[in-house]
Amino acid sequence: MNAATETGRVDEDEAGGVAPLRLEFAGEWHDLPVDRPFIIGREGDLEVDDNPYLHRHFLELQHRDGLWWISNVGVRLAATISSAGGAVQSWLSPGARMPLVFERSVIVFTAGPVTYELSLHTEQAPYEVSRQVQESMSGETTVMPVSFTPLQRQLMVALAEPMLRREGVSMNELPSSSDAARRLGWTMSKFNRKLDNVCDKLDRMGVQGLRGGAGKLATNRRARLVEYAVTSQVITRADLPILDDVALRAQGASDDD
């Protein structure tokens, strides 16, 4: 468990027995039973879709050992579990299971050409996010010892835009360099130059996996930059408006650094 988000367990007896868990999908709510598993898939308690790429039984939710658990009972698909406003993210591979310990979790998975999203809610979560994480989620604070120029921040936000707009987005859904450059109205040479500057600055701070070299492709560098920037709250959802800031876009169009 992430030490930055953990504040302590809540005793189940004090919480009044089993903590109810509710599932929301496509605007419909389901109260999960505590005496048997709840199955999600092409068939089961929650029939997501008749998509042939989706397993008949994919995810299983069950209360046991005092906790709610989510298990991947499929054989091919994986799911992304995002909690604490994106501060905690896990990838649930086939055969894996994990406890649900936060008040709200978002589950995202892709089957064929379609991506699905559902959320789980409880009012008696065993863990809660720290005050520092809550403030960073609301945009009230910035936790970062190094400064970036507005255009450098704009670059990071452009790369992380899908992840900032929706919890549970995987790294393979991030935009390419050309797409991010187009989003900003920059040339590829300008984008790559500023990406180098950002990565060099973080590399000097000791952040690993950002310096180019043999076996380190640009795709991996972008993914590592986004991973660090989002999980460390270098950028947050509150930064999204800078992508369309007119003055900043005009500065970017004239800036040659």
Side-chain angles (χ1 to χ4, degrees), residues 2 4 80 82 84-91 108 110 115 132-133 135-257:
N2 190 327
T80 301
S82 178
V88 178
Q89 290 204 3
S90 303
W91 284 263
V108 176
T110 299
T115 297
Q132 180 183 14
V133 172
E135 289 174 349
S136 68
M137 288 160 53
S138 66
E140 295 174 4
T141 184
T142 300
V143 183
M144 189 60 201
V146 69
S147 61
F148 293 93
T149 69
L151 294 181
Q152 288 173 339
R153 295 183 64 82
Q154 196 180 43
L155 177 144
M156 289 187 283
V157 174
L159 286 173
E161 184 177 10
M163 188 172 288
L164 294 174
R165 291 197 183 279
R166 192 185 74 189
E167 292 181 33
V169 170
S170 64
M171 289 297 175
N172 60 11
E173 296 180 66
L174 300 181
S176 64
S177 289
S178 58
D179 287 339
R182 195 159 38 247
R183 176 76 169 91
L184 296 170
W186 296 356
T187 64
M188 277 305 304
S189 61
K190 174 183 287 189
F191 181 90
N192 288 329
R193 192 163 57 248
K194 290 190 178 297
L195 178 60
D196 288 341
N197 291 339
V198 171
C199 290
D200 286 346
K201 183 176 288 189
L202 289 172
D203 180 74
R204 290 194 297 272
M205 283 178 52
V207 179
Q208 301 297 310
L210 294 172
R211 184 174 292 281
K216 296 183 179 179
L217 302 178
T219 300
N220 296 333
R221 184 174 65 163
R222 290 198 315 276
R224 174 63 180 131
L225 172 59
V226 170
E227 177 188 39
Y228 179 82
V230 172
T231 58
S232 300
Q233 281 89 50
V234 176
I235 54 173
T236 69
R237 189 171 287 121
D239 291 307
L240 283 168
I242 70 175
L243 288 176
D244 299 305
D245 185 284
V246 175
L248 195 55
R249 290 183 72 89
Q251 179 184 344
S254 61
D255 181 78
D256 292 324
D257 292 339

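- When all heavy atoms of M188 and A181 are compared, the pair lying nearest together is SD-CB, 3.8 Å.
- Counting only distance, with no hydrogens or angles, the side chain of R249 and the backbone of L243 share a donor-acceptor pair below 3.5 Å.
- Residues satisfying the side-chain contact (heavy atoms from CB on, under 4.5 Å) test with D245, not counting sequence neighbours, are A247, L248.
- Looking at residues two or more places apart in sequence or on another chain, you find a side chain to side chain donor-acceptor pair (under 3.5 Å) between T187 and S189.
- With rounding to the nearest 0.5 angstrom, the OG atom of S177 is 7.5 Å from the CZ atom of R221.
- In this structure A160 satisfies the side-chain contact (heavy atoms from CB on, under 4.5 Å) test together with L164, V226, V230, I235, sequence neighbours excluded.
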Side chain to side chain contact (heavy atoms under 4.5 Å, CB included) between K190 and L184, intermediate numbers included: CA-CA 11 Å; K190 174 183 287 189; L184 296 170; over 6 Å; no
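- Going from atom CZ of R222 over to atom CG of L174 covers 8.0 Å, rounded to the nearest 0.5 Å.
- Scored by the salt bridge (charged side-chain N to carboxylate O under 4.0 Å, His left out) test, R204 finds no partners at all (sequence neighbours excluded).
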Residue pair V108, R166: steps toward the side chain to side chain contact (heavy atoms under 4.5 Å, CB included) verdict: CA-CA 10 Å; V108 176; R166 192 185 74 189; 3.8 Å; yes
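- Ion pairing between a basic and an acidic side chain is recognised when a charged N comes within 4.0 Å of a carboxylate O; D179 and R182 show such pairing.
- In this structure, CG in N197 is found 8.5 Å from OG1 in T149, a value given to the nearest 0.5 Å.
- Put simply, the side chain of M156 does not reach to within 4.5 Å of the side chain of D239, judged on heavy atoms.
- Residues passing the side chain to side chain donor-acceptor pair (under 3.5 Å) test with N192: none are found, sequence neighbours excluded.
- Using a distance-only test at 3.5 Å, with no hydrogens or angles considered, a donor-acceptor pair links the side chain of R153 to the main chain of V234.
- Heavy atoms only, all atoms of each residue included: F191 and W186 are closest at CA-CE3, 3.9 Å.
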